[in-house]
Structure formats: structure tokens, C-alpha cells
Amino acid sequence: MNSRRLEYFIEVAKMKSFTRAGENCFVSQTAISQQIAALEEELGFALLIRNKKTVSLTIAGEKFYHEAVKILAQYNQIAEETKNIAQSASGILRIGFFSLYDRVSITSLIRDFHVKYPLIRIDIAQYNYETINEYLHSGNIDIGFMFSQNFADLPNVSTKKIMRSPVGVCMHKNHRLSEYRMISVDQLVGESIITFNRHVFQHNFTRFRDILFQENLSINNLLYVESVDAVILMVEANMGISLFPMIIRPYIGDNLALIELSNNIFPAFICDSIYNTENNNPSLRLFVELINSTIPQDVKK
């Protein structure tokens, strides 16, 4: 039994016509009729009831049709997967990411890529924003992932939004607000807020700071740090609170709480992918194709 015979049989069963099935498969009516006759001889029973005007399935043919559809779909999937393996034997994809924020966003992408192209080696490393931008243009990495940066002035780059997440407030579990299921911005009055400095988080630094001041919130102190790890360390030490994307809630430690804001005045965290358009790495092309096919349109806008 071969897949072509199954394909012809399924098309005849759907069209109820040898002529129309032949047109759809770009072969003659005679060729399709001969192939299905050979399939019936191989099986030892009739699949079709033939008359001058139409074709219908026998009882056995009805059962065989439904199973054949499943078999052909599985065959095509296996063929595609093994083709990908054969075509990706010597590939390498080098990925740079900034923090826990974007790591959470890209895990499923990397997993799906590895399943689809298991022989492409994936190198992953964590860098700051400046190093990611530098390495993209030097060729040390193929694609980077980072949150909410301004790429307008960078030459020869393409960016795509990977994930959008609302802002929540992260605090120690012993903090006075940790028992709330949802809190308002007004409840942040008097708090020390830990955030990134301008050097680390250029695009969001002024946005978050200005919003706090525009809302006339009496913040006790703004503490500026260099990394997400430093933010988490200081929050775990109960030195203040911080603004985190809600998507990382399942990944924070047992000592922390991440609570949704009821009147969220802060812009959402948006994770972007960024790559050099002059990079001709075939593995990068395959990864970008995966991003385009799997990221929802409402995120990419």
C-alpha cells in the first residue's frame, strides 16, 4: 500500500466522482480508477460502489475512509518532521536574552524549535542590553530577546513582539499588601520601589518614573539596580517592592507575592525579538519562520 493510492481514494470518497478527483489530483480519471482498483485488490474487498453518475462508499469503504484520513495525515506529519531533521543536520542557533522576564516568554518557542529541528544546536546565553545589541551586529548571536526597548535608531534590525503582559506589584510575602488578591496604585503611597537604572532599562526607565510622579504618588524612595536578579534579591530582603510582568508569577520564589493592579496605569511589559537582517544563518531563518507562525497576531501588532 502506498500513500498515493490512499490520497486518490480519499479524494474520490470526498468528491464522489473519479473525474473531479482526477482534476483535483492533476491526473487522469483512468489513472485514479486504476490505482483504486489496485488498492481494492490489495485489500481483498470493495471500497466503492460505482455507477454511471456517481460513486459511493461501501460499508467497509466508509470505515476504511475514516482510518485512511488519519493514516495519511500521520504519514505527512512524519515525512515533514524527518525532512526537517535531514535538512538541519549541521545548523546552529545562538540566542541571547536579558532576564527572567524574557526567558519566560521564549521558553515555549525554543522548545517547539528543538522538537521541529532536533539536530540544530541551540546556544543560549544571558547578556545585558548593550551586549545583545553589540553581539547581534558582530555575529556573536543570531537573535536576542529583551523587554520594551527603543530600536528605532539601530540599523539593519528587525523586531517582533513575542509577548505582552500587564504589570503587577512584586513584594515579600510578609509585606502589608501581600494578603490582597488585587491592589490599587493608590496603595503604593509611601513605598520604596525598586527598579532598573537608565543604563540597564533605557526605554522603560523614564516611562515608569514619570508615571509615578505624574500620579502624585508619595513614593518613599526609588532604588535603582542593574539586573533582575538584584531586584528579586532586594524584594526578597523586604527592602521595597517592584513592578513585574504578571506572566512570571508562577516562577517567583516562595518568599514573594506578585499581585495584580486593579487600576493599572503602567504600560504593559512587551518582550521583543530582535535580529540582524543581514544575518544569513539558515537556522535563524527557520526560527523566525516559527515565530511568525506561532505568535498570535494581537501580540505582534
Side-chain angles (χ1 to χ4, degrees), residues 91-114 117 120-165 167 170 194-209 223-236 242-245 247-248 251-253 267-288 290-291 294-295 299-300:
I92 180 171
L93 180 70
R94 294 155 300 185
I95 298 174
F97 73 96
F98 170 66
S99 71
L100 170 66
Y101 298 168
D102 22 85
R103 187 180 74 192
V104 170
S105 307
I106 64 176
T107 299
S108 61
L109 276 174
I110 295 173
R111 180 188 64 237
D112 293 347
F113 186 78
H114 177 63
Y117 305 104
I120 290 183
R121 193 180 90 197
I122 303 175
D123 291 346
I124 307 173
Q126 185 173 2
Y127 305 106
N128 61 36
Y129 285 123
E130 289 185 350
T131 302
I132 288 177
N133 288 327
E134 176 187 340
Y135 280 6
L136 283 172
H137 288 88
S138 66
N140 288 24
I141 61 173
D142 297 301
I143 190 166
F145 293 90
M146 55 186 81
F147 263 84
S148 300
Q149 292 295 292
N150 185 357
F151 306 110
D153 298 330
L154 297 178
N156 303 321
V157 299
S158 179
T159 64
K160 296 183 183 298
K161 293 180 174 60
I162 303 301
M163 187 279 300
R164 178 185 287 110
S165 176
V167 175
C170 187
I194 305 165
T195 187
F196 297 105
N197 63 33
R198 185 188 303 274
H199 174 73
V200 175
F201 214 31
Q202 299 173 18
H203 191 48
N204 268 354
F205 172 85
T206 54
R207 288 200 298 170
F208 285 121
R209 184 198 60 188
L223 306 174
Y224 301 119
V225 297
E226 297 285 334
S227 69
V228 173
D229 288 339
V231 173
I232 293 175
L233 177 62
M234 294 177 72
V235 174
E236 284 187 324
S242 189
L243 302 173
F244 280 15
I247 192 174
I248 72 166
Y251 304 96
I252 62 174
F269 280 91
I270 297 175
C271 180
D272 292 295
S273 67
I274 176 173
Y275 62 92
N276 189 337
T277 55
E278 296 183 342
N279 185 329
N280 295 318
N281 183 355
S283 298
L284 172 62
R285 176 180 56 79
L286 294 173
F287 193 68
V288 172
L290 178 68
I291 291 174
T294 58
I295 302 301
V299 173
K300 290 191 282 187

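Every heavy atom of this structure was used, including side-chain atoms; hydrogens, water molecules and symmetry mates were not.
- In this structure, G91 and S283 approach most closely via the heavy-atom pair CA-OG, 3.5 Å.
- Between V235 and S242, the shortest heavy-atom contact is CG2-CB, 4.0 Å.
- Between L286 and I120, some side-chain heavy-atom pair lies under the 4.5 Å cut-off.
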Which is it for L233 and V231 under the side-chain contact (heavy atoms from CB on, under 4.5 Å) test, yes or no, and what are the steps along the way?
-> CA-CA 5 Å; L233 177 62; V231 173; over 6 Å; no
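- N279 approaches I141 most closely through the heavy-atom pair ND2-O, 4.3 Å.
- When every heavy atom of N276 is checked against every heavy atom of N156, the shortest pair comes out as OD1-O, 3.0 Å.
- For Y127 and Y135, the gap between ring centers is short of 6.0 Å.
- Contact annotation: the side chain of K160 never approaches that of D272 to less than 4.5 Å [non-hydrogen atoms, C-beta and beyond].
- Taking F113 as the reference, Y117, F287 meet the ring-ring contact (aromatic ring centres under 6.0 Å, His included) condition, with sequence neighbours excluded.
- Residues D123 and I92 have side chains in contact (heavy-atom distance under 4.5 Å, counting atoms from C-beta outward).
- A donor-acceptor pair under 3.5 Å links the side-chain atoms of S165 to the main chain of I247, judged by distance alone.
- Between I132 and M146, the closest side-chain pair of non-hydrogen atoms falls below 4.5 Å.
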Begin from the C-alpha positions of I122 and H114 and carry the test side-chain contact (heavy atoms from CB on, under 4.5 Å) through to its verdict.
-> CA-CA 8 Å; I122 303 175; H114 177 63; 4.2 Å; yes
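- In plain terms, the two heavy atoms of S273 and I291 that are nearest each other are OG-CD1, 4.2 Å.
- Note that OG of S108 and CE of M163 are 10.5 Å apart. Values are rounded to the nearest 0.5 Å.
- By the 4.5 Å heavy-atom criterion applied to side chains, L284 and R94 are not counted as neighbours.
- Listed for the Q126 side chain is no donor-acceptor partner under 3.5 Å among the backbone atoms of F97.
- Listed for the T277 side chain is no donor-acceptor partner under 3.5 Å among the backbone atoms of S158.
- With respect to Y275, the side-chain contact (heavy atoms from CB on, under 4.5 Å) criterion is satisfied by exactly one of T159, V157, D142, V288: V288.
- With contacts defined as side-chain heavy-atom distances shorter than 4.5 Å, the pair I143/I274 does not qualify.
- Taking 4.5 Å as the limit, some side-chain heavy atom of I248 sits within range of a side-chain heavy atom of I252.
- Using a 4.5 Å heavy-atom threshold, the side chains of I232 and F244 count as touching.
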